[in-house]
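Reviewing the structure listed below.
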Amino acid sequence: MHAPLETTPKNGGLPIKFFLTPDMMPEAATLSQLEVLANSAGLVHHVAVLPDIHRKSRNLSPTGTVVAANNAIVPRAIDTGICCGMRMVRSEIEVRDLRAPALDALFDELRATIPVLEHETEVISKDDVADILVQGGKWSQSKYGLSEAEMNCIEDRGTMPTDTADPAMILASMPEKPMKKGRRCFGTLGDGNHFLELQEIVEVIDPGLARQLGLEEGRAVFMLHTGSRSVGSKTMKAYLETFEEKSAPARNDSPIWSLPADSEAGAKFARAIAAASNFGFANRIAITERLRAAVRKTLRDESLQLPLLYDCAHVSIKLESWNGEKLWVHRHGGSRALPPSQMREHPVFSQTGQPVPVPGSMGHASYIGVADEKTVGTFYSINHGAGRVLDKPEAMAQFTAAQVEKEMRDKNIRLYRYGADNIAEQAPSSFKDISRVIKAMAALSLARPVVRLRPVAVLKG
DNA sequence: ATGTAC
């Protein structure tokens, strides 16, 4: 087993721990961003770097990092995609039985019932948005009649803890614009790297774990990647603007600035992030209900169960328990990943660890794993994917949409699109080799791989 | 990431 590589920034700051293999060490520009992050006020312990580390030009801190604070909210340590996350849905569908017309019918139905961008009209009421922001998964559970077993397969049951039980205080933390946006963007997928995929389990790597998780070779698994949509991004944007204007309320002057979590402003910000996260979890639940309805309808089998395997976020700021401390954990492209010792109350995951998605690109394999005990070093997190080798502008310069579509055809992967013009950003060759990434995760005991999957049909912006 | 500035 590898130990994480560790460096100390030249100009001081926290140690930076690299949970990856030496061939995945980031380039100089990313390293200097990490040094700035390591010097941010309020952070404690170390900066955890994940195997999918990559710089994103619009962000001050790189994707694939996790940091923690005793008493600080550090908005620039994450990005605007609050509660961006993934869920995995199991099935008893044998992929070899699926014919092209059935896949076309299913994905036409999905595209018709799950819009990529905002709905043209309001699909939920103002009161529903308010309830979702306050209750998250709890609202969804009563709306859709979800079982307790299903709720326990969602990070924090999709309901973020806030420091107040008073709904009015939570809603008072939300700016006007995201509250309004929520009425139109509920149940939408989003574009960019968001997707809904049908995958086939093509290799069982750990038969014992696969059996415990209900995963069998040849079966279909659905992976969904989306978040809180404009509710989260507008919330973040409103707060960033508030604190980055010249007349800003007090904050430290680092580019990656922080607010004391126990200050009025910090507590309000944390509450807004919790509320937007609730919306993100509810959004993934709503889309899953559409998915289940579409599968049952187009495959003409109302008895199909489609159980949730797990749902976790990879962009979040949350107060969590860690080694006997309470820490504000900031995940920036790091999936929450609890090992067996941190899931004592769950009948299956207390034995296996939390199921974790490791999506490759749309043209490559994905993996499902379980969190292993060394995630304590990453504040219980793993990489949320393969990570990029080309950033989005580089990918746009090198590939065209037509090339991406041809590559998918050549690989016999059905690609269903809504028609956004930015799919070249997601060209498969823009991402690291997922098999090397999964090896690094296993070598560092972040996750144990359980099954490998191949993409069969992909729905993308 | 976001109908990407009211």
Side-chain angles (χ1 to χ4, degrees), chain A residues 52 54-65 75-87 111 114-123 129 174-196 223-242 244-245 272-273 275-284 287 312-317 330-335 359 361-362 384-388 390-396 401 417-427 430-431 459-461:
Chain A
D52 59 345
H54 61 274
R55 201 170 60 87
K56 225 190 280 179
S57 47
R58 66 166 185 264
N59 290 331
L60 291 173
S61 68
T63 306
T65 49
R76 287 291 186 185
I78 65 164
D79 66 33
T80 57
I82 298 170
C83 198
C84 198
M86 294 210 36
R87 55 171 39 203
R111 189 163 42 192
I114 304 167
V116 59
L117 300 177
E118 272 189 5
H119 290 91
E120 284 169 17
T121 56
E122 291 165 4
V123 288
V129 173
M174 290 298 289
E176 231 4 83
K177 195 166 173 176
M179 302 271 287
K180 240 180 144 167
K181 281 283 181 187
R183 297 154 78 170
R184 284 176 184 262
C185 73
F186 189 68
T188 65
L189 182 63
D191 62 353
N193 61 359
H194 292 176
F195 63 78
L196 176 55
M223 276 199 194
L224 167 66
H225 180 190
T226 185
S228 59
R229 310 282 293 111
S230 50
V231 171
S233 67
K234 299 291 179 197
T235 298
M236 190 59 108
K237 207 166 172 211
Y239 272 87
L240 293 177
E241 277 171 8
T242 302
E244 292 179 358
E245 281 171 6
I273 288 171
S277 297
N278 283 339
F279 191 91
F281 282 108
N283 191 41
R284 284 196 288 277
I287 290 176
C312 55
H314 52 242
V315 178
S316 59
I317 301 178
H330 296 60
R331 295 190 175 88
H332 185 185
S335 294
S361 79
M362 66 174 134
H384 75 312
R388 284 181 166 274
L390 299 177
D391 70 14
K392 287 182 182 177
E394 287 167 340
M396 283 296 262
R417 297 188 57 199
Y418 296 88
D421 57 5
N422 58 356
I423 199 165
E425 290 177 351
Q426 307 300 326
S430 313
F431 295 88
L459 179 62
K460 268 192 98 53

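Owing to the predicted nature of the structure, the values given are computational and were not obtained by experimental measurement. Every chain is numbered from 1, with letters handed out A, B, ... down the list of sequences.
Nucleic acid contact for A/S230: sugar-phosphate only, since backbone atoms but no base atoms lie under 4.0 Å from a heavy atom of the residue. Using a 4.0 Å heavy-atom cutoff across all strands shown, A/G190 reaches sugar-phosphate atoms only and no base atom. Within the nucleic acid shown, A/K177 comes within 4.0 Å of sugar-phosphate atoms alone, with no base atom in reach, counting heavy atoms only.
Note: CG (A/L189) to P (B/dT2) measures 8 Å, nearest angstrom. If you measure from atom CG of A/L240 to atom C1' of B/dT2, you get 14 Å, rounded to the nearest angstrom. Between the OH atom of A/Y418 and the C1' atom of B/dG3 there is a distance of 15 Å, rounded to whole Å. One can place CD of A/E118 at 9 Å from P of B/dT4, the figure rounded to the nearest angstrom. Straight-line distance from the NE2 atom of A/H119 to the P atom of B/dG3: 12 Å, rounded to whole Å. For the pair A/D191 CG and B/dT4 C1', the computed distance is 9 Å after rounding to whole Å. Rounded to an integer number of Å, the gap from NZ of A/K181 to C1' of B/dG3 is 7 Å. Computed from coordinates, the A/L117 CG to B/dT2 P distance equals 8 Å when rounded to whole Å.
Between A/F195 and A/H225, the ring-plane angle classifies as perpendicular under the 30° and 60° cut-offs.
Between A/R229 and B/dG3 there is a side-chain N or O to OP1 or OP2 distance below 4.0 Å.
Heavy-atom distances to DNA chain B give each of A/D421 and A/R58 a nearest nucleotide, and the one nearer the 5′ end belongs to A/R58.
Side-chain atoms of A/I114 and A/Y418, non-hydrogen and from C-beta on, do get closer than 4.5 Å to each other. Side-chain atoms of A/I423 and A/M362, non-hydrogen and from C-beta on, do get closer than 4.5 Å to each other. With contacts defined as side-chain heavy-atom distances shorter than 4.5 Å, the pair A/H384/A/M86 does not qualify.
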